[in-house]
Amino acid sequence: MRFDVVINGGRVLDGTGAPPYRADVAVADGKIAAIGRLGGAGAETVIDATGRFVAPGFVDCHAHGDAAVFDPAVQRAALRQGVTTFVLGQDGLSFAPGSAATVAYASRYFAAVNGPLDGPLAADGPLTVGELLGGYDRAVALNTAYLLPHGTIRYDAMGPSPEPPSRDHLAAMLRHVERGLSEGAVGLSTGLEYLPGRYATAEELAALCAPLGGLPYVTHMRAYGPQAGVGMTEVIDIAERSGAAVHVSHLHGPADVLLPLVEEALGKGVDLTFDTYPYLRGNTILAMVVLPGSVPGAETDRALEMIASDELDGWWPTLDAVWPRLTVSHAPGMEWAEGLTIVAAAERDGSAPAEFCRRLLTETRLEAGVVSARPDEGPEGEESVRRMLRHPSHTGGSDGIYVGGHPHPRGFGAFARFLGRHVRELSDWTWEQAVVHLASHPARRFGLTDRGLVRGGFAADVVVFDPAAVGDRATYEAPRTLAAGVDDVLVSGVRVLAGGELTGATPGRALRP
């Protein structure tokens with residue numbers, strides 16, 4: 001039999017947790033056609049995997065590539081880490097479903113996270129989940145899966161209002177959820193520290209989770225770190241009210257606090273998973289970090305009026321300890337500040353940190369982004385990261401943000417760092433355990449039942465990597481540096497990365513559960 005692709009001589013990590021075994025892998029018509037000692041099986045493309053592992057493509061459970069995935073540089077950055085699928089629509093905010101005004105709001109408010117809608121979808125007007133998925137399908141080298149963003153849906157139903165939804169509002173939101181699921185969404189996401197998601201109650205969220213039917217409620221909780229008990233209590237409440245499975249986004253903080261909360265939820269029968277990234281700093285919009293809750297960040301003009309007035313004069317001095325921990329990642333119109341801390345940028349500007357921050361927010365119209373160091377940086381923080389990723393409910397996520405001149409390195413290195421540092425150097429996982437956490441477990445979680453395993457009949461998302469060389473090279477100083485050790489990748493049976501370079505093929509599918 002002649003195949004499209006044969007990968008010869010590698011050791012297969014099939015995603016089941018079984019130890020690696022020597023086998024050739026053959027691909028035909030986008031699927032894995034044969035696994036075994038295939039001898040001289042003919043193929044249009046033959047890949048020599050001697051000395052390398054052959055694994056299912058990794059699923060990034062939390063990626064902000066909603067617009068950036070159309071950028072070949074972002075596709076290359078992901079594929080060089082073995083990532084073949086982005087799960088988008090994170091933190092309750094993305095581009096669909098909604099009216100033109102809603103799309104504009106999501107683009108503006110989350111500009112430092114998702115960036116502007118681009119590629120085949122760059123148009124003014126309303127957007128459905130089906131249209132969004134159609135725009136991704138076969139337009140990029142990666143697969144995409146999409147979560148229904150609660151904040152976008154809420155805004156479309158009732159604008160930036162902080163009030164509880166009326167019966168009509170809730171009915172409108174439920175129609176969005178039901179239609180989005182019918183068009184192929186893989187769950188519902190919330191961002192309960194962002195706007196307008198911050199205004200939602202557990203009752204509202206449980207009602208919207210009711211139609212999920214086994215797909216997950218994916219949440220950026222209301223509180224993290226030492227206060228994570230607040231967020232997790234609400235997660236359990238929503239799960240118990242709705243019966244929904246739960247996936248907690250970027251669950252970071254002290255493991256002594258977080259792991260007992262995870263076990264408490266599991267002990268109550270909650271079907272719970274979570275993702276983490278292997279770094280100690282975050283990356284988000286500056287306004288969320290520095291502005292008090294009294295500022296209506298969803299209403300840009302009103303927020304800018306308050307920033308320019310003396311209404312916040314008593315607030316700025318409370319942030320003196322925060323300024324040194326913030327590095328500007330995205331500053332449209334003030335690009336000279338990108339890569340500098342607020343303190344260093346203020347010194348260059350000849351102003352105090354608070355005054356510079358006010359200027360940065362004003363001139364970017366709240367679109368500035370920052371990388372933020374956490375107080376728990378250091379050995380204790382890394383030990384918590386290691387303990388969290390070893391938990392069986394863990395899946396991998398980069399929380400990758402690709403906007404701005406100086407983003408967090410996690411979008412360019414997280415999955416390679418999982419492999420290079422946490423498997424090869426620290427032995428937090430075996431190689432076979434790593435593939436479960438990064439491929440098969442997340443594929444199951446989001447209902448992608450034909451992905452995540454090297455198995456006959458499964459879609460041929462396949463990664464070939466060198467265990468001695470794989471690793472991250474992106475740093476906080478040089479965040480866009482590509483990872484090493486992954487040179488050959490197939491998506492749906494098509495070679496998209498060869499010798500570490502894009503082939504130009506765009507077989508990525510918009511995946512539906």
Side-chain angles (χ1 to χ4, degrees), residues 58-64 81-83 87 90-91 193 218-221 223-229 231-232 235 247-263 265-266 272-284 325 327 370-401 407-431 433-439 441-442 445 470-477 479 481 483:
F58 304 144
V59 178
D60 189 338
C61 290
H62 193 106
H64 291 287
Q81 300 174 69
V83 172
V87 181
Q90 301 288 345
D91 294 334
E193 293 181 311
V218 179
T219 181
H220 173 133
M221 299 191 304
Y224 283 88
Q227 302 302 314
M232 194 65 81
V235 163
H247 182 85
V248 180
S249 298
H250 41 62
L251 188 57
H252 293 113
D256 286 341
V257 173
L258 300 180
L259 289 177
L261 294 171
V262 170
E263 292 299 331
L266 293 170
L272 182 140
T273 55
F274 62 88
D275 62 69
T276 70
Y277 53 83
Y279 300 86
L280 296 175
R281 299 183 189 181
N283 191 179
T284 189
R325 300 207 304 266
T327 299
V370 288
V371 172
S372 55
R374 298 205 302 263
D376 63 350
E377 278 204 69
E380 291 185 4
E382 184 175 40
E383 180 58 27
S384 286
V385 169
R386 297 179 64 190
R387 289 174 61 193
M388 294 300 294
L389 66 83
R390 290 195 292 260
H391 193 279
S393 294
H394 171 273
T395 66
S398 70
D399 203 358
I401 292 174
H408 195 296
R410 63 197 185 192
F412 300 81
F415 278 70
R417 187 173 181 83
F418 278 130
L419 298 175
R421 179 156 179 77
H422 290 282
V423 179
R424 186 179 60 242
E425 296 178 11
L426 298 177
S427 300
D428 289 321
W429 296 325
T430 62
W431 291 109
Q433 288 171 336
V435 175
V436 171
H437 282 260
L438 304 182
H441 192 184
R445 176 42 112 198
V470 68
D472 64 307
R473 299 188 297 181
T475 64
Y476 291 113
E477 293 73 28
T481 308

- Message: Counting C-beta onward and ignoring hydrogens, is there a side-chain heavy-atom pair between Pro407 and Phe412 closer than 4.5 Å?
- Response: yes
- Item | salt bridge (Lys or Arg N to Asp or Glu O under 4.0 Å) partners for Arg473, two or more places apart | none
- Note on the structure: Looking only at heavy atoms, the pair that brings Gly397 and Phe418 closest together is N-CE1, 4.3 Å
- Item | Carboxylate-amine/guanidinium proximity below 4.0 Å for Arg387 and Glu382 | no
- Item | Nearest heavy-atom neighbours spanning Ser249 and Tyr224 | O-OH, 2.9 Å
- Identify the heavy atoms of Ser384 and Pro254 that sit nearest to each other, and give their distance. OG-CA, 3.5 Å
- Message: What verdict does the side-chain contact (heavy atoms from CB on, under 4.5 Å) test give for Gln433 and Thr430, after you've listed the backbone C-alpha separation in whole Å, the side-chain angles of each residue and the deciding distance to 0.1 Å?
- Response: CA-CA 5 Å; Gln433 288 171 336; Thr430 62; 3.2 Å; yes
- Query: Do His250 and Thr276 meet the criterion of a side-chain donor-acceptor pair at a distance under 3.5 Å?
  - Reply: no
- Message: Using modelled atom types and a 3.5 Å cut-off, is there a donor and acceptor pairing between side-chain atoms of Asp60 and backbone atoms of Ser398?
- Response: yes
- Message: Looking at Glu425 and His422, would you say the former's side chain and the latter's main chain have a donor-acceptor pair under 3.5 Å?
- Response: no
- Message: For Tyr279, does the six-membered ring have the charged nitrogen or CZ of Arg410 within the cation-pi criterion, i.e. under 6.0 angstrom from the centroid and within 45° of the normal?
- Response: no
- Ring centroid separation for His437 and Trp429, is it under 6.0 angstrom? yes
- Message: Can you see whether Asp275 engages Thr395 through a side-chain donor-acceptor pair at a distance of less than 3.5 angstrom?
- Response: no
- Message: Distance alone, cut at 3.5 Å: any donor-acceptor contact between the side chains of His64 and Gln90?
- Response: no
- Backbone of Phe415 reached by a side-chain donor or acceptor of Gln81 within 3.5 Å: yes
- Query: Would you say Arg386 and Leu426 make side-chain contact, with heavy atoms under 4.5 Å?
  - Reply: yes
- Query: Partners of Val262 by side-chain contact (heavy atoms from CB on, under 4.5 Å), sequence neighbours excluded?
  - Reply: Met232, Leu251, Leu266, Leu272, Phe274, His391
- Query: Is there side-chain contact between Leu438 and Leu419, with heavy atoms separated by less than 4.5 Å?
  - Reply: yes
- Here the gap from His394 atom NE2 to Leu389 atom CG, rounded to the nearest 0.5 Å, amounts to 5.0 Å
- Gap between atom CE of Met221 and atom OG1 of Thr219 - 0.5 Å precision: 7.0 Å
- Item | Interatomic distance, Ser393 atom OG to His247 atom NE2 [nearest 0.5 angstrom] | 10.5 Å
- Item | Heavy-atom pair of closest approach, residues Ala434 and Val423 | CB-CG2, 3.7 Å
- So which heavy atom on Val87 is nearest to which on Cys61, and how close? CB-O, 3.8 Å
- Query: Can any side-chain N or O of Arg417 pair as donor or acceptor with the backbone N or O of Pro278 at less than 3.5 Å?
  - Reply: yes
- Query: Where is the tightest heavy-atom contact between Leu258 and His252, given as atom of each residue plus distance?
  - Reply: CD1-C, 3.4 Å
- Task: Would you indicate whether Gln227, at its atom CD, is surrounded by more than 12 heavy atoms from other residues, nucleotides or ligands within a distance under 6.0 Å?
- Result: no
- Could you tell me the separation between the CG atom of Leu280 and the OG atom of Ser372, rounded to the nearest 0.5 Å? 11.5 Å
- Item | Side-chain touch Thr327/Val370, heavy atoms, less than 4.5 angstrom | no
- Message: Can you confirm whether Tyr277 sits close enough to His62 that some side-chain heavy atom of one is under 4.5 Å from a side-chain heavy atom of the other?
- Response: no
- Set of residues satisfying side-chain hydrogen bond (donor to acceptor under 3.5 Å, both in side chains) with respect to His408, sequence neighbours excluded: none
